[in-house]
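Report on one structure; see the data block that follows.
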Amino acid sequence: MTIGSESELQRVSLGGLTLAYRDVGQGTPCLLLHGFPFDHTQWHPQIPALTPGARLILPDLRGHGASDAPPPPYRLTDFADDVRALIDRLDLDRVVLGGLSMGGYIALSCAERYPERLQGLILLATRAEADTAMGRQARLAMITETQAGGAEAIVTDLERRILGDRETPAGIATLVHDWILGTSVEGLIGSLTAMATRPDATPFLSRITCPTLIVVGTDDQLTPPAAAHSMAAAIPGAELVEVPDAAHLVSLEQPAIVNPIIERFLERCRG
Ligand code: MLT
């Protein structure tokens, strides 16, 4: 799997925060938000398939990749505000906004805060519910471990959480390992705090009015198909696709299935 070079990245200063992003292709603007703790290269398998008809805008979220990592804590709304500032800076009226996992939590927050800027919403491997009390405890424990020992202290636990107990293609396991170890302590703690404190988005789902696509891997243990079905039942007109032989990193594991689904959805948003 190829990883983008530094020279492909652009940078923008948004109120003191420098955000790095890749801007590639021409057509319908589609802004994709990576999961935790990854970076924009997560979307590399989508670039060749989608850029004939779409302009892909792929930021490194605050605390990740080549973007600034301000001191924690972060709130989910900080990420959502960064995304809006980037849309404004690129002078775009509306975008199709997609996100995987934490990127999906952020996309839902964007959809609630500024629905008028969304031409469509893509929710991959994500859920609307907040953390359970137990889930929150586990995140707080991870924050304590990270404070004491950095990314190395949580890499094994995080890998297990993200990859589950299913066999993962070696290339993807290596990417996840490198992404975790390449994320700063600030980014890890900031994002863990944002996820632990995020509100339940379920009550808002019935108010989503833009076309919505939900994608989930049948073997996803972290954000399982049941969570995707609940969102699809609550969002008016949402389209749900279950991808066989895929776990949490569905768009990395099965690009040959996921890319045409996104491509068709972009056509629908265009029309
Ligand atoms: C992600 O993949 O973005 C995160 O692992 C999601 C989470 O921990 O809830």
Side-chain angles (χ1 to χ4, degrees), residues 32-43 45 58-65 67 72-76 78-80 82-83 97-110 122-146 151 154-166 168 172-173 175-183 187-202 214-217 219-228 230-231 243 246-254 258:
L32 298 175
L33 309 175
H34 61 77
F36 167 81
F38 316 141
D39 64 31
H40 76 281
T41 60
Q42 182 213 296
W43 302 111
L58 312 173
D60 284 345
L61 295 166
R62 64 165 59 207
H64 296 78
S67 287
Y74 308 162
R75 295 280 176 262
L76 206 65
D78 293 328
F79 290 104
D82 294 344
V83 172
L97 181 66
L100 180 135
S101 201
M102 182 181 80
Y105 309 155
I106 298 167
L108 279 170
S109 175
C110 297
I122 308 175
L123 301 168
L124 299 115
T126 196
R127 62 163 79 243
E129 299 87 10
D131 279 356
T132 60
M134 226 164 86
R136 201 165 296 133
Q137 274 316 111
R139 293 226 205 255
L140 297 181
M142 240 182 220
I143 290 174
T144 307
E145 285 166 45
T146 310
I154 58 166
V155 65
T156 308
D157 277 357
L158 259 188
E159 280 170 347
R160 199 174 309 122
R161 182 177 165 80
I162 293 164
L163 300 174
D165 51 21
R166 174 179 172 280
T168 312
I172 292 179
L175 275 179
V176 169
H177 186 81
D178 292 348
W179 277 327
I180 296 169
L181 293 184
T183 306
L188 291 169
I189 293 176
S191 307
L192 285 165
T193 313
M195 289 190 283
T197 56
R198 74 187 194 279
D200 180 12
T202 310
I214 299 169
V215 179
V216 66
D219 303 329
D220 189 338
Q221 293 164 16
L222 180 51
T223 48
S230 303
M231 286 193 295
V243 179
H248 191 54
L249 297 175
V250 57
S251 49
L252 274 167
E253 287 185 48
Q254 295 291 1
V258 172

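Counting convention: from 1, in listed order, for ligands and their atoms alike. We number each residue from 1, following the sequence as shown.
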Ser109 side chain to Tyr105 backbone, donor-acceptor under 3.5 Å: no
Closer than 3.5 angstrom, by distance alone: can the side chain of Gln221 be matched with the main-chain N or O of Asp165 as a donor-acceptor pair? yes
Donor-acceptor contact below 3.5 Å, side chain Ser67 vs main chain Asp60: yes
With salt bridge (charged side-chain N to carboxylate O under 4.0 Å, His left out) as the criterion, how do Asp78 and Arg75 come out once you've worked through the C-alpha distance, each side chain's angles and the decisive distance to 0.1 Å? CA-CA 5 Å; Asp78 293 328; Arg75 295 280 176 262; over 6 Å; no
Can you pull every nitrogen or oxygen pair between ligand 1 and the protein closer than 3.5 angstrom?
from: ligand 1; atom 1: 2 (O); to: Ser101; atom 2: OG; distance (Å): 2.8
from: ligand 1; atom 1: 2 (O); to: His248; atom 2: NE2; distance (Å): 2.9
from: ligand 1; atom 1: 3 (O); to: Phe36; atom 2: N; distance (Å): 2.7
from: ligand 1; atom 1: 3 (O); to: Ser101; atom 2: OG; distance (Å): 3.0
from: ligand 1; atom 1: 3 (O); to: Met102; atom 2: N; distance (Å): 2.8
from: ligand 1; atom 1: 8 (O); to: Arg139; atom 2: NH1; distance (Å): 2.8
from: ligand 1; atom 1: 8 (O); to: Arg161; atom 2: NE; distance (Å): 3.2
from: ligand 1; atom 1: 8 (O); to: Arg161; atom 2: NH2; distance (Å): 2.9
from: ligand 1; atom 1: 9 (O); to: Tyr105; atom 2: OH; distance (Å): 2.6
from: ligand 1; atom 1: 9 (O); to: Arg139; atom 2: NH2; distance (Å): 2.8
from: ligand 1; atom 1: 9 (O); to: Arg161; atom 2: NH2; distance (Å): 3.3

Contacts satisfying salt bridge (charged side-chain N to carboxylate O under 4.0 Å, His left out) that involve residues 192-202 (not counting sequence neighbours) are Asp131-Arg198
Would you say the side-chain atoms of Thr146 pair up with the backbone N or O of Met142, donor to acceptor, closer than 3.5 Å? yes
